[in-house]
2 protein chains.
Amino acid sequence: MHAAARFADYLSRKRLKMTRERRVILEQVLAARGHFGVDDLQEILRKAGHTVSRASLYRTLPHLVESGLVHKLEMAKGQARYEPMVGRHHHDHMVCLECGKIIEFESREIERLQDRVCRRKRFSMTGHTHQIRGYCDGCAGRRGPRAGGPDPQAHRV
Amino acid sequence: MHAAARFADYLSRKRLKMTRERRVILEQVLAARGHFGVDDLQEILRKAGHTVSRASLYRTLPHLVESGLVHKLEMAKGQARYEPMVGRHHHDHMVCLECGKIIEFESREIERLQDRVCRRKRFSMTGHTHQIRGYCDGCAGRRGPRAGGPDPQAHRV
DNA sequence: ACAGATACTGCAACTCAGTCTCAATTATCG
DNA sequence: CGATAATTGAGACTGAGTTGCAGTATCTGT
Ligand SMILES: [Mn+2]
Ligand SMILES: [Mn+2]
Ligand SMILES: [Zn+2]
Ligand SMILES: [Zn+2]
């Protein structure tokens, strides 16, 4: 099913309207490659000759997420980022604390173990976030192998 | 090494001072069981007969985290929560979207696979967040097995 | 014990992502 | 078409977290 049709279907099932704003947001979001924030998206739209208010972006993105066309990444501190999910499958992310680069990874084994631990705890999972923080190849070298810094996750007492 | 001594050590190495406020914060944080937010902590302190400003809490908690005595949970939306980590080992969390309950889990296997995927991507991990959202045993029942709701992580296009 | 240097505190002002209110506009459907 | 209900942009607002400042406390010698 075509993405636009899928969104139209989602909207009509919810008695929502397919407006010009929603159409152009969908179009630009699907064209985007990589991960973007709300302000990035507004800039993308502006360059494409469209004007959509921040309020409408904040209102529309949750619909795109709920319809499954877009995935939301909850970053620490609250700068949410989004990525189109059309024709892609689930993955998780590594975030470089130096340059901000986002690296995608996927592991069937981790997902399977995750299901297993949910079953063991009688927990009904609807979603998850598995985010790894650290330094990418390029940035790790530039910092030296023993850089004591933020994110002291590994401490033991 | 005793937790208080450990914190004192951390402070002196950083040329920071052990103030009355920091002492009482440490004391109450270590006594806390479970996960708490900044306002919870201020209330705990107040009940213990101490007054510490929100600003000082926000200034001190990062030190406790960096010294490894406390762990910070980055929840969606930015209501950070903390938990004492003295004498405990690393674990991750499930969060019930209905009642807010936080369930802890640990999996050596997932951690191992996580290290492996970092190696494969040449990523130098300093920390991670693995958070599972869904419904706990009690809440899942009360909602019925097929409750279409938020967090539509599982969609495919 | 003392004094100087430096860090810390509370307060209130501020930031910033995200939400909400409202009046004007627009999609939808019979 | 015309009624009805949803949507929009603007700007006010919220709430977690941060910051500048002036007064205060701790620390490091001596
Ligand atoms: Mn991605
Ligand atoms: Mn925990
Ligand atoms: Zn990097
Ligand atoms: Zn629950």
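Here is the naming used below: chain letters follow the sequence lines, and residue numbers restart at 1 for every chain.
When each of C:dT9, D:dG9, C:dA27 is scored by its nearest atom to the side-chain atoms of A:Ala55, the top-ranked nucleotide is D:dG9. Here the nucleotide nearest the side chain of B:Arg54, chosen from D:dG9, D:dG17, D:dC27, is D:dG17. Proximity note for B:Glu21 (side chain, C-beta onward) versus C:dT9, C:dC20, C:dA7: the nearest is C:dT9. Closest to the side chain of B:Leu16, out of C:dA27, C:dC8, D:dG17, is C:dC8.
The shortest distance between the side-chain N/O atoms of A:Lys77 and the OP1/OP2 oxygens of D:dT18 is below 4.0 Å. Distances shorter than 4.0 Å separate none of the side-chain N or O atoms of A:Thr19 from OP1 or OP2 on C:dT26.
For a distance-only test at 3.5 Å, the side chain of A:Arg59 fails to qualify as a donor-acceptor partner of the base of C:dG18.
Atom NZ in A:Lys17 sits about 11 Å away from atom C1' in D:dA3, given to the nearest Å. Put simply, CG on A:Leu73 is 17 Å from C1' on C:dG18, counting in whole angstrom units. When rounded to the nearest whole Å, the span between CZ of A:Arg13 and P of C:dT28 equals 16 Å. One interatomic measurement links the two molecules: OH of A:Tyr58 to C1' of C:dT21, which rounds to 18 Å at whole-angstrom precision.
Residue contacts for B:Ser12: at a heavy-atom cut-off of 4.0 Å it reaches no nucleic acid atom on any strand shown.
In summary, of the residues considered (B:Arg88, B:Glu83, B:His90), a side chain to side chain donor-acceptor pair (under 3.5 Å) with B:His71 occurs for B:Glu83 alone.
When hydrophobic clusters are built by joining Ile, Leu, Val, Met, Phe, Trp and Tyr residues whose side-chain heavy atoms come closer than 4.5 Å, directly or via intermediates, A:Phe123 is not grouped with B:Tyr135.
Comparing A:Ser53 and B:Val38 along DNA chain D, the residue whose closest nucleotide (by nearest heavy atom) sits nearer the 5' end is A:Ser53. A residue-by-residue look at B:Gln79 and B:Arg15 shows that B:Gln79 has its nearest nucleotide of DNA chain D further toward the 5' end.
Below 30°, between 30° and 60°, or above 60°: for A:His93 and A:His91 the angle between ring planes is above 60°, a perpendicular geometry.
Of the N and O atoms on the side chains of B:Glu111 and B:His130, not one donor lies less than 3.5 Å from an acceptor on the other residue.
Salt-bridge formation is not detected for the pair B:Glu21/B:Arg59: no Lys NZ or Arg NE/NH1/NH2 atom is positioned less than 4.0 Å from an Asp or Glu carboxylate oxygen.
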